Peer 1: 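Questions regarding the structure given below will be posed in turn.
Just so it is clear, the model here is predicted, and its values are computed rather than measured.
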Amino acid sequence: MNSVNGPTSPQLAKIASRILAGSFLFEDLDPELLEQLSSQATVKRLEDGQLLFEKGAPADGLYAVEAGKVRISSVSETGKEIVLNVLAPGAVFGEIALLDGEPRTATARAVGPTRTLFISRDDFFEIFDREAPLRRHITALLCRRLRWVSDLLEDANFLDLTARLIKRILWLAERHGGPDPEGIRIALPLSQQELGLMLGVTREAVNKKLRELEKQGMITRRDGRLVIKDSDGLKQLLADAIKN
């Protein structure tokens, strides 16, 4: 892993400020506080598949994706990998271990050539300890993450694969969707294997369900991206599955 250390350049600080301001964790912070945080950022560059940090590793700081993608996953004792999230540029992550100082709760690995921004734990807490607005934002983040984990547990226990896949597609559309002549295009490229890992099933199982949704006219696949053709139809299928 290569990192750029030393004083943060004005250009890097500007990039870091833009990324932090775009995250819900820091979006409403005073520009002066954002500048303080951004001035502490350094760059870490990774090759495709390179490990950023491993589950159980010591907490070192806060990360943000500048370019590329980062896959957040966990591996069971039997070796089965579950992908918890795939983070696109602008995503801020690593906040749990940053705050409590305990080992990392998941593994982070680059998907394609990737650049991340990094703020060390010591630098972060120097600002955190004196700024109440930052502490309030962190509290809101943790509450939102707790709700998200609770939703994942409910989905795994109460929804079948079709419903879980639809819910994940709609979730991805909210965060990475954009206008398309046929509907909503999910800009984040995700393979069927990555979708399967997110849902805890095989690539073949995901492929089968995607084909079914295509036959129903709900989605299409183009240039490695998913396009939602009938958003209302997907929402109705999900509502029916939840009701049943």
Peer 1: With sequence neighbours left out, what residues match Arg168 under side-chain contact (heavy atoms from CB on, under 4.5 Å)?
Peer 2: Leu152, Trp171, Leu172, Leu195, Met198, Leu199
Peer 1: Before giving the answer on side chain to side chain contact (heavy atoms under 4.5 Å, CB included), spell out for Leu37 and Ile127 the whole-Å C-alpha distance, their side-chain angles and the decisive distance to 0.1 Å.
Peer 2: CA-CA 7 Å; Leu37 288 167; Ile127 301 170; 3.7 Å; yes
Peer 1: Nearest 0.5 Å, what's the CG-CZ distance between Leu99 and Arg135?
Peer 2: 12.0 Å
Peer 1: Under the side-chain contact (heavy atoms from CB on, under 4.5 Å) rule, collect the residues that match up with Thr116, sequence neighbours excluded.
Peer 2: Lys44, Leu46, Leu52, Tyr63, Val70, Thr114
Peer 1: Given Leu213, which partner from the list Ile166, Asp230, Ile228 fulfils the side chain to side chain contact (heavy atoms under 4.5 Å, CB included) test?
Peer 2: Ile166
Peer 1: For side-chain hydrogen bond (donor to acceptor under 3.5 Å, both in side chains), just list the numbers for Gln236 and Asp232, CA-CA rounded to whole Å, side-chain angles, deciding distance to a tenth of an Å, and then say yes or no.
Peer 2: CA-CA 6 Å; Gln236 187 58 54; Asp232 290 339; over 6 Å; no
Peer 1: Within a strict 4.5 Å, meaning less than it, do heavy atoms of the Leu188 and Leu226 side chains meet?
Peer 2: no
Peer 1: Do Ser38 and Leu20 have side chains that approach each other closer than 4.5 Å (heavy atoms only, starting at C-beta)?
Peer 2: yes
Peer 1: For Phe93, which of Leu98, Val65, Asn85 qualifies under side chain to side chain contact (heavy atoms under 4.5 Å, CB included)?
Peer 2: Val65
Peer 1: Holding to salt bridge (charged side-chain N to carboxylate O under 4.0 Å, His left out), I want the full list of residues that pass it with Arg104, two or more places apart in sequence or in another chain.
Peer 2: Asp60
Peer 1: Taking side-chain contact (heavy atoms from CB on, under 4.5 Å) as the definition, give me every residue that meets it alongside Ala205, ordered by chain and number, with sequence neighbours left out.
Peer 2: Leu161, Val201, Thr202
Peer 1: Provide the closest heavy-atom pair for Pro89 versus Gly68 in the form atom of the first, atom of the second, distance.
Peer 2: CD-O, 3.2 Å
Peer 1: Kindly state each residue pair satisfying salt bridge (Lys or Arg N to Asp or Glu O under 4.0 Å) with at least one member in residues 115-132, sequence neighbours excluded.
Peer 2: Glu66-Arg115
Peer 1: In the single-linkage hydrophobic clustering (I, L, V, M, F, W, Y; side-chain heavy atoms under 4.5 Å), do Ile242 and Leu170 co-cluster?
Peer 2: yes
Peer 1: I'd like to know if the side chain of Arg225 and the backbone of Ala187 have a donor-acceptor N/O pair within less than 3.5 Å.
Peer 2: yes
Peer 1: Working to the nearest 0.5 angstrom, can you tell me the gap between Leu238 CG and Ile169 CD1?
Peer 2: 10.5 Å
Peer 1: My understanding is that only residues two or more places apart in sequence, or in another chain, count here; which of them pass ring pair (Phe, Tyr, Trp, His ring centres under 6.0 Å) with Phe125?
Peer 2: Phe128
Peer 1: Of all the heavy-atom pairs spanning Ser17 and Leu34, show the shortest one and how long it is.
Peer 2: OG-CB, 4.2 Å
Peer 1: For Lys167, give me all partners under side chain to side chain donor-acceptor pair (under 3.5 Å), at least two apart in sequence or on another chain.
Peer 2: Asp155
Peer 1: Sort and list the pairs that fulfil ring-ring contact (aromatic ring centres under 6.0 Å, His included) and have at least one residue in residues 174-228, not counting sequence neighbours.
Peer 2: none
Peer 1: If the condition is side chain to side chain donor-acceptor pair (under 3.5 Å), which residues does Ser231 pass it with, not counting sequence neighbours?
Peer 2: none
Peer 1: Are Val83 and Val111 joined in one hydrophobic group, where the rule is that I, L, V, M, F, W and Y side chains link up if heavy atoms are under 4.5 Å apart?
Peer 2: no
Peer 1: What's the shortest heavy-atom distance between Ala59 and Ala97, and which atoms?
Peer 2: CB-O, 3.1 Å
Peer 1: In Å, rounded to the nearest 0.5 Å, how long is the span from CD1 of Ile219 to CD1 of Ile184?
Peer 2: 12.5 Å
Peer 1: Provide the full list of salt bridge (Lys or Arg N to Asp or Glu O under 4.0 Å) pairs with a residue in residues 79-93, sequence neighbours left out, each pair given once.
Peer 2: Arg71-Glu81
Peer 1: Mind checking whether Phe26 and Leu33 sit in one hydrophobic cluster, side chains of I, L, V, M, F, W, Y counted as touching below 4.5 Å?
Peer 2: yes
Peer 1: Once you round to the nearest 0.5 Å, how far does OG of Ser74 lie from CG of Leu84?
Peer 2: 6.0 Å
Peer 1: Checking side chain to side chain contact (heavy atoms under 4.5 Å, CB included) for the pair Ile72/Thr107: CA distance, chi angles, key distance, verdict?
Peer 2: CA-CA 6 Å; Ile72 306 297; Thr107 295; over 6 Å; no
Peer 1: Scan side-chain atoms only and decide if Thr105 and Lys55 contain a donor-acceptor pair under the 3.5 Å cut-off.
Peer 2: no
Peer 1: How far does CG of Leu87 sit from NZ of Lys69, to the nearest 0.5 angstrom?
Peer 2: 10.5 Å
Peer 1: What pairs of residues pass the salt bridge (Lys or Arg N to Asp or Glu O under 4.0 Å) test when at least one of them lies in residues 200-224, not counting sequence neighbours?
Peer 2: Asp180-Arg222, Glu182-Arg222, Lys209-Glu212, Glu214-Arg221
Peer 1: Output the distance between atom CG (Leu117) and atom CZ (Arg18), rounded to the nearest 0.5 Å.
Peer 2: 9.0 Å
Peer 1: Test of understanding: with side-chain contact (heavy atoms from CB on, under 4.5 Å), list the residues that count as partners of Glu32, not counting sequence neighbours.
Peer 2: Asp30, Gln36
